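Just below is one structure, and these are the notes that go with it.
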Protein chains: 2
Amino acid sequence: MHKSVMDITTLSALAEPNRMNIVQLLRDGPLTVGEIADRLGLRQPQASKHLKVLSDSGIVEVRVDANRRIYKLRSEPFQAMDYWVQSFRHIMEDRFDNLDNYLRELQNKEKP
Amino acid sequence: MHKSVMDITTLSALAEPNRMNIVQLLRDGPLTVGEIADRLGLRQPQASKHLKVLSDSGIVEVRVDANRRIYKLRSEPFQAMDYWVQSFRHIMEDRFDNLDNYLRELQNKEKP
DNA sequence: TTTAAATATTCCTTGACACGAATATTCCCA
DNA sequence: TGGGAATATTCGTGTCAAGGAATATTTAAA
C-alpha cells in the first residue's frame with residue numbers, strides 16, 4: 001500500500017518562476033523552444049536549459065520536428081500531484097477543524 | 001480574471017525532502033517540534049528551521065502551548081494546489097492526446 | 001531562584017543552481 | 001557544399017539555502 005508519495009523532483013522543477021511560466025504557457029498547447037523564449041522574454045539558451053530540467057523531471061516531453069523541438073506537457077506528473085493533493089482532502093475541508101482542535105485540547109488537558 | 005496562478009513559495013517549501021516528510025507526517029494530525037524531530041530522525045534545530053520555512057510559506061500554523069509549539073497544516077495552500085492542478089484537467093485526461101497529436105501533425109505538414 | 005525541558009536563532013561552511021556569454025550541433029535549403 | 005536557422009551545451013560567476021555546532025529564549029517545576 002503506497003500512501004501517495006509525491007516526487008520531490010517534480011516540485012523543485014516547478015519551484016522556479018521561469019519554469020512555472022513555461023508550464024503555464026504549455027497548458028494552452030505544445031510550443032517550440034523559440035516560441036517559448038519569445039513569449040516569456042527569455043534568451044534561447046535559458047529556455048533550453050529550463051526545458052531540459054522540465055524534461056528530466058518528466059513534466060515535459062519533446063517531439064523532434066527537423067530543426068525544431070516541440071515541447072508539450074506530460075499528463076503523469078499532474079495526475080500524481082492531483083492524487084497527492086487529494087490525500088489531504090480532510091485538511092482542505094476544514095469544516096471539522098474546530099471540533100478536532102477542541103477534542104485535542106481536552107485530551108491534552110487531562111494528561112499532566 | 002485570474003488564471004490559477006500557483007504560488008512558487010509553496011512549491012519550493014515542499015521541494016525539500018525533510019519538509020515534505022514533515023508535511024506528510026502532519027497529514028495525520030498536529031504535532032510538536034520534538035515529536036516531529038523524533039519521528040523523522042532530525043535534530044531539533046533543523047526541525048525548527050524547516051518548520052519556520054513551512055510557516056513562512058503559510059503551509060503550517062503554530063499553536064503555542066506553554067513550553068511547546070504545536071504545528072498543524074493549514075488548508076489554504078492545499079486548496080490552492082488543488083485548484084491549480086485542476087486547471088490542467090485537459091492535460092490529465094489524455095484520452096484525446098493521440099487524436100490531438102495527429103491533428104497537430106497534419107497541420108504542421110501542410111504549412112511549409 | 002535555580003534547573004531542566006522545549007524551542008528558536010545565529011554563525012559558518014559547503015554545495016547546488018540560475019544567469020550570461022560563448023560555442024557546439026543539427027538540419028534545411030540555395 | 002556552404003550558410004543560416006533552431007536548439008543544445010559548456011564554462012565561469014554569484015547567490016542562496018541546508019546542515020552542523022553552539023547559543024539564546026521561554027516555560028514549568030523543584
Side-chain angles (χ1 to χ4, degrees), chain A residues 7-26 30-72 104-105 108-112, chain B residues 7-26 30-72 104-105 108-112:
Chain A
D7 186 18
I8 291 289
T9 309
T10 302
L11 293 175
S12 58
L14 293 172
E16 202 277 336
N18 292 309
R19 285 195 292 267
M20 172 58 75
N21 288 335
I22 291 178
V23 169
Q24 311 253 43
L25 198 55
L26 292 180
L31 287 177
T32 68
V33 178
E35 286 170 325
I36 294 171
D38 278 354
R39 302 207 198 179
L40 296 182
L42 297 177
R43 303 172 202 276
Q44 175 267 319
Q46 312 304 331
S48 283
K49 284 188 238 181
H50 285 306
L51 284 165
K52 176 167 177 49
V53 176
L54 289 172
S55 179
D56 288 347
S57 72
I59 296 179
V60 138
E61 71 184 19
V62 61
R63 189 163 64 82
V64 176
D65 174 45
N67 228 359
R68 311 175 304 180
R69 314 289 163 100
I70 303 180
Y71 284 89
K72 67 174 280 198
R104 226 175 284 280
E105 246 159 1
N108 278 339
K109 286 233 185 295
E110 59 185 343
K111 188 182 59 177
Chain B
D7 185 20
I8 293 288
T9 309
T10 302
L11 293 175
S12 59
L14 292 173
E16 202 278 338
N18 292 308
R19 287 196 290 269
M20 172 57 76
N21 289 335
I22 291 178
V23 168
Q24 311 253 43
L25 199 54
L26 291 181
L31 287 177
T32 68
V33 178
E35 285 169 326
I36 294 171
D38 277 355
R39 301 206 198 179
L40 297 181
L42 298 177
R43 304 172 202 276
Q44 176 267 318
Q46 314 302 332
S48 283
K49 284 189 237 183
H50 285 306
L51 284 165
K52 176 167 177 48
V53 176
L54 289 172
S55 178
D56 288 347
S57 74
I59 296 178
V60 137
E61 72 184 18
V62 61
R63 188 163 65 81
V64 177
D65 174 45
N67 228 358
R68 312 175 304 180
R69 315 287 164 100
I70 302 180
Y71 284 89
K72 66 174 279 198
R104 226 175 285 280
E105 245 158 2
N108 279 339
K109 286 233 186 293
E110 58 188 342
K111 187 181 59 176

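Note that the coordinates shown come from a computational prediction; the quantities given were computed from them, not determined experimentally. Atom set for the values below is all heavy atoms of this structure, side chains included, hydrogens, waters and symmetry mates excluded.
Within 3.5 Å, no donor on the side chain of Q46(B) pairs with an acceptor on the base of dA18(D), nor the reverse. Side-chain atoms of N67(A) and base atoms of dA5(D) include a donor and an acceptor less than 3.5 Å apart. Judged by distance alone, with hydrogens and angles left aside, K49(B) brings no side-chain donor or acceptor close enough to the base of dT7(C) to form a pair under 3.5 Å.
Rounded to whole Å, atom P of dT27(D) lies 15 Å from atom CD1 of I70(B). Atom pair L42(A):CG and dA6(D):C1' shows a separation of 16 Å (rounding to whole Å applied). A straight line from CG of D56(B) to P of dA17(D) spans 11 Å, rounded to a whole angstrom. One can place CD of E35(A) at 10 Å from P of dA6(D), the figure rounded to the nearest angstrom. Rounded to a whole Å, the CZ atom of R69(A) is 9 Å from the C1' atom of dT25(C). N21(B) has its CG atom 11 Å from the P atom of dG19(D), to the nearest Å. Rounded to an integer number of Å, the gap from Q44(B) CD to dT25(D) P is 15 Å. Nucleotide dA6(D) holds its P atom 16 Å from the CG atom of L51(A), rounded to whole Å.
For the pair S12(A) and T32(B), both in contact range of DNA chain C, the more 5′-proximal nearest nucleotide belongs to T32(B). Toward the 5' end of DNA chain D, the nearer of the two residues E16(B) and V62(A), judged by each one's closest nucleotide, is V62(A). Of the residues near DNA chain C, A15(A) and P45(A), the one whose nearest nucleotide (by heavy atom distance) lies more toward the 5' end is A15(A).
In this structure, the side chains of L40(A) and N18(A) stay at 4.5 Å or more apart for every pair of heavy atoms. Looking only at side-chain heavy atoms (C-beta outward), L51(A) and R69(A) stay at 4.5 Å or farther from each other. Looking only at side-chain heavy atoms (C-beta outward), D65(B) and T32(B) stay at 4.5 Å or farther from each other. Side-chain contact between E16(A) and V53(A) is absent, with no heavy atoms from C-beta onward closer than 4.5 Å. The shortest distance between side-chain heavy atoms of L11(A) and M20(B) falls below 4.5 Å.
Close to dT26(C), at under 4.0 Å from its OP1 or OP2, lies no side-chain N or O of R68(A). Considering only side-chain N and O atoms, R43(A) lies under 4.0 angstrom from the phosphate OP1 or OP2 of dG20(C). Distances shorter than 4.0 Å separate some side-chain N or O of N18(A) from OP1 or OP2 on dC19(C). An OP1 or OP2 oxygen of dA6(D) is reached within less than 4.0 angstrom by no side-chain nitrogen or oxygen of Y71(A). Under 4.0 angstrom from either OP1 or OP2 of dA18(C) there lies at least one side-chain N or O belonging to R19(A). Taking 4.0 angstrom as the limit, H50(B) places none of its side-chain polar atoms (N or O) nearer than this to OP1 or OP2 of dA17(D).
Of the inter-residue distances, the one linking T10(B) atom OG1 with L14(A) atom CG reads 12.0 Å to the nearest 0.5 angstrom.
Looking at heavy-atom distances under 4.0 Å, K52(B) makes contact with sugar-phosphate atoms alone, never a base.
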